[in-house]
Amino acid sequence: MGDGGKGTMMIEGEHMPAVQVATADGAAFDTAALGTGRTVVYFYPKDDTSGCTREALDFTALAADFAAAGIRVVGVSKDPPRAHAKFSAKHDLSVELLSDESGAACDAFGVWVEKSMYGKTYMGIERATFLFVDGVCTRAWRKVKVPGHAQAVLDHATAA
């Protein structure tokens, strides 16, 4: 993110960007508020799709373990707050979901990237996870594959 965030992925050693997002109930939230203690921030493409649902359920299944270790877990996508609220209620999620409708957080964390499917290119959120300790990125997982990911994040975060 050394060039100001546009187009470059957040890397280890960088500070958490301060950007405005919204909670699932629509309240304004500044990511700078996540800057104390240990926080996992994971970006995912879309509420209620198969991979994103599995990832949210996996983090939810481990929520007590993350909490016991003093680690806050938040998921971020560009879906609006009402979609987050519906997604969370439908799947009984315990992870906190933040809405980045403006794309400011996606840009700041460098996860708004060119993707391709069936030969077509488009812009979208790259599935990525970041571990922050007192506001500094200590680990970045890029191009995340969902199976086993939440457990791998927990294992790394509790071993550190």
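It should be emphasised that the depicted structure is a prediction, and the values quoted were computed from it without experimental measurement.
- In this structure, the side-chain contact (heavy atoms from CB on, under 4.5 Å) partners of K115, at least two apart in sequence or on a different chain, are P45, V113, Y122.
- By the rule that hydrophobic residues join a cluster once side-chain heavy atoms approach within less than 4.5 Å of another member, W141 and V40 end up as members of one cluster.
- Counting all heavy atoms, side chain and backbone alike, P17 lies closest to M10 at CD-CE, 3.3 Å.
- Taking the side chain as every heavy atom from C-beta outward, V153 and H156 never approach each other to under 4.5 Å.
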For residues 123-132, run the donor-acceptor check on the side chains, cut-off 3.5 Å, and write out each pair with its distance to 0.1 Å, sequence neighbours left out.
| residue | atom | partner | partner atom | Å |
| --- | --- | --- | --- | --- |
| R127 | NH1 | E55 | OE1 | 2.7 |
| T129 | OG1 | H149 | NE2 | 2.7 |

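- Applying the ring-ring contact (aromatic ring centres under 6.0 Å, His included) criterion to F59, with sequence neighbours excluded, gives Y42, F66.
- Qualifying side-chain hydrogen bond (donor to acceptor under 3.5 Å, both in side chains) partners for D47, counting only residues two or more places apart in sequence or in other chains: Y44, H84.
- Between the side chain of D58 and the main chain of A150, no donor-acceptor pair closer than 3.5 Å is present.
- In this structure K145 satisfies the side-chain hydrogen bond (donor to acceptor under 3.5 Å, both in side chains) test with no other residue, sequence neighbours excluded.
- Legend: residues meeting salt bridge (charged side-chain N to carboxylate O under 4.0 Å, His left out) with R82, ordered by chain and number and at least two apart, are absent.
- Judged purely by atom type and a 3.5 angstrom limit, E14 uses its side chain to pair as donor or acceptor with the backbone of I11.
- Residue pairs satisfying the side chain to side chain donor-acceptor pair (under 3.5 Å) criterion with at least one member in residues 59-68, sequence neighbours excluded, are absent.
- L34 places a side-chain heavy atom less than 4.5 Å from the side chain of V74.
- Taking Ile, Leu, Val, Met, Phe, Trp and Tyr as members and joining any whose side-chain heavy atoms lie under 4.5 Å apart, directly or through other members, V136 forms no hydrophobic cluster with any other residue.
- Formation of a donor-acceptor pair under 3.5 Å by the T49 side chain with backbone atoms of K46 is found in this model.
- T23 places a side-chain N or O within 3.5 Å of a backbone atom of A27 that can act as its donor or acceptor partner.
- For F29, there are no ring-ring contact (aromatic ring centres under 6.0 Å, His included) partners two or more places apart in sequence or in a different chain.
- Hydrophobic clustering (ILVMFWY, side-chain heavy atoms < 4.5 Å, transitive): V73 and V146 are in distinct clusters.
- Residue R38 comes nearest to T158 through the heavy atom pair NH1-CA, 4.3 Å, listed as atom of the first residue, atom of the second, then distance.
- Scanning for side-chain hydrogen bond (donor to acceptor under 3.5 Å, both in side chains) contacts around D92 gives an empty result, with sequence neighbours left out.
- Here Q20 pairs with D30 under the side-chain hydrogen bond (donor to acceptor under 3.5 Å, both in side chains) rule; sequence neighbours left out.
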Please output the side-chain donor-acceptor pairs of residues 93-106 that fall under 3.5 Å, not counting sequence neighbours, one pair per line with the distance.
| residue | atom | partner | partner atom | Å |
| --- | --- | --- | --- | --- |
| E96 | OE1 | R72 | NE | 3.0 |
| E96 | OE1 | R72 | NH2 | 3.0 |
| E96 | OE2 | R72 | NH2 | 3.0 |
| S99 | OG | D79 | O | 2.5 |
| D100 | OD1 | G103 | N | 3.3 |
| D100 | OD1 | A104 | N | 3.1 |
| D100 | OD1 | A105 | N | 3.0 |
| D100 | OD2 | A105 | N | 3.2 |
| D100 | OD2 | C106 | N | 2.8 |
| S102 | OG | A104 | N | 3.2 |

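- R54 is not listed as a side-chain neighbour of P147, based on a closest heavy-atom distance of 4.5 Å or more.
- Taking OG1 from T53 and CG from D48, the interatomic distance works out to 4.5 Å, rounded to the nearest 0.5 Å.
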